[in-house]
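Below is one structure, written out as structure tokens; the observations come after it.
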Amino acid sequence: MKCIAEYHTHTKYSDGKSTMEENVISARKIGLKKIGISDHGYMHKGFGVKYKDYPKMKAEVEMLREKYQDIKIFLGVEANILDDKGNIDVDDYVRNYVDYVMAGYHFGSMPPNMRGLTNHIRNFIKPLKSKEIDYNTRALVNAMRDNQIFILTHPGDKGDVYIEEVAKMAEKTKTVMEISAHHEYLSKEQILKIKHLDIKFSIGSDAHHHTHIGMTEKAIKRAVSAGLASSRIINVI
Ligand SMILES: [Zn+2]
Ligand SMILES: [Zn+2]
């Protein structure tokens with residue numbers, strides 16, 4: 001099994017260490033057919049892209065498309081799942097600039113209400129973590145219900161979820177579920193629980209440096225050990 005596309009990569013526009021061009025050059029070097037730039041949504045307090053940067057990012061992607069015509073280059077976003085009401089930090093303005101939306105749960109995002117903030121804190125404190133599983137599950141499920149999401153990133157990372165419930169909504173909304181090489185999720189156990197459903201998966205390096213693009217071995221290993229066929233994964237052959 002081998003990756004032929006990367007949808008989950010970060011750049012200096014959020015917390016990545018490389019430029020868009022460096023990411024593209026690395027992707028070409030390892031023979032990828034497609035590369036997506038998917039920096040963190042703007043409502044992440046530490047890492048988010050600057051809201052006003054979207055036009056600049058789009059222009060940069062367009063310039064790179066001209067320069068490197070042997071690879072398909074996309075501008076995406078890794079939005080933040082902000083609460084359990086279906087809110088993510090993508091509005092019409094952002095949608096207008098990006099080619100696809102991914103979403104995941106991250107500490108450091110700014111929830112629109114107190115309950116969301118409490119959720120961050122409780123997920124952070126081990127003894128309270130297990131008590132947030134209903135909230136976390138609702139957060140992921142409702143984000144997919146209310147938004148057109150291409151890929152749900154690292155489901156279960158930072159907050160436990162009932163993965164079957166999450167996967168059922170992914171099936172209903174045709175949302176792809178990520179197997180992350182950077183995080184431990186989806187885990188082999190999670191994949192085993194949900195692979196009978198009619199869902200697709202994506203392998204993601206979640207590269208924060210251009211040299212990490214294509215470093216997907218850990219995720220591929222989990223997919224293979226859970227018995228996933230390559231036909232179930234959108235970016236491998
Ligand atoms: Zn993430
Ligand atoms: Zn990421």
Side-chain angles (χ1 to χ4, degrees), residues 3 5-20 22-24 26-27 32 34-50 53-54 57 61 73-83 87-90 94 98-111 116 119-120 123-124 132 136-137 139-140 143-144 147 149-161 163 166 170 175-187 190 201-220 222 234-235:
C3 252
E6 276 262 35
Y7 296 107
H8 194 163
T9 75
H10 296 276
T11 72
K12 286 180 172 173
Y13 281 103
S14 62
D15 61 340
K17 301 283 178 282
S18 306
T19 63
M20 281 186 183
E22 286 171 327
N23 279 17
V24 169
S26 278
L32 298 186
K34 297 175 185 176
I35 171 85
I37 307 294
S38 58
D39 280 305
H40 291 284
Y42 70 95
M43 285 184 80
H44 194 291
K45 219 171 164 36
F47 311 150
V49 298
K50 292 190 186 79
D53 274 352
Y54 278 105
M57 292 164 77
V61 162
I73 307 168
F74 301 101
L75 180 63
V77 56
E78 185 184 14
N80 295 291
I81 294 174
L82 296 170
D83 60 11
N87 288 309
I88 63 171
D89 50 359
V90 170
V94 176
V98 297
D99 302 307
Y100 63 88
V101 172
M102 310 198 298
Y105 174 68
H106 303 97
F107 292 148
S109 68
M110 291 181 283
N119 172 251
H120 278 338
N123 274 327
F124 202 69
E132 289 301 284
N136 296 334
T137 303
L140 268 56
M144 287 184 278
N147 302 278
I149 295 173
F150 172 39
I151 299 173
L152 186 70
T153 59
H154 44 70
D157 185 49
K158 307 284 191 293
D160 294 339
V161 293
I163 200 64
V166 173
T175 306
V176 174
M177 295 185 76
E178 184 188 53
I179 305 168
S180 173
H182 187 64
H183 300 283
E184 301 296 315
Y185 304 88
L186 294 167
S187 66
Q190 287 176 317
F201 299 86
S202 174
I203 298 283
S205 71
D206 202 349
H208 285 71
H209 191 273
H210 67 97
T211 57
H212 297 167
I213 288 173
M215 284 175 65
T216 50
E217 299 79 8
K218 278 188 193 164
I220 288 178
R222 291 208 297 281
I234 60 167
N235 58 341

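Ligands are counted one by one from 1 in listed order, and the atoms in each one are counted from 1 as well. Predicted model only: the values in this text are computed from it and were never measured.
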The Zn ion (ligand 2) contact by His40, N, O or S atom under 2.8 Å: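 For His40, the answer is no, given that no N, O or S atom comes within less than 2.8 Å of the Zn ion (ligand 2).
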
Metal site angle (apex the Zn ion (ligand 2)), OE1 from Glu78 and NE2 from His10, 10 degrees: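 About 90°, to the nearest ten degrees.
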
Which N, O or S atom of His154 lies nearest to the Zn ion (ligand 1), by name: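 Per the distance ranking, His154 contributes NE2 as its closest N/O/S atom to the Zn ion (ligand 1).
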
Which of parallel (below 30°), tilted (30 to 60°) and perpendicular (above 60°) describes [X] and [Y]?
X	Y	answer
Tyr105	Phe107	perpendicular
His8	His154	tilted
His40	His208	tilted
Tyr7	Phe74	tilted

Closest approach to the Zn ion (ligand 2) by Asp206, given as the N, O or S atom name: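 The Asp206 atom nearest to the Zn ion (ligand 2), restricting to N, O or S, is OD1.
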
The Zn ion (ligand 1) reached by His106 (N, O or S, under 2.8 Å):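 Yes - counting backbone and side chain alike, His106 has an N, O or S atom under 2.8 Å.
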
Donor-acceptor pair, side chain of Asp15 and main chain of Phe47, under 3.5 angstrom: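 No.
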
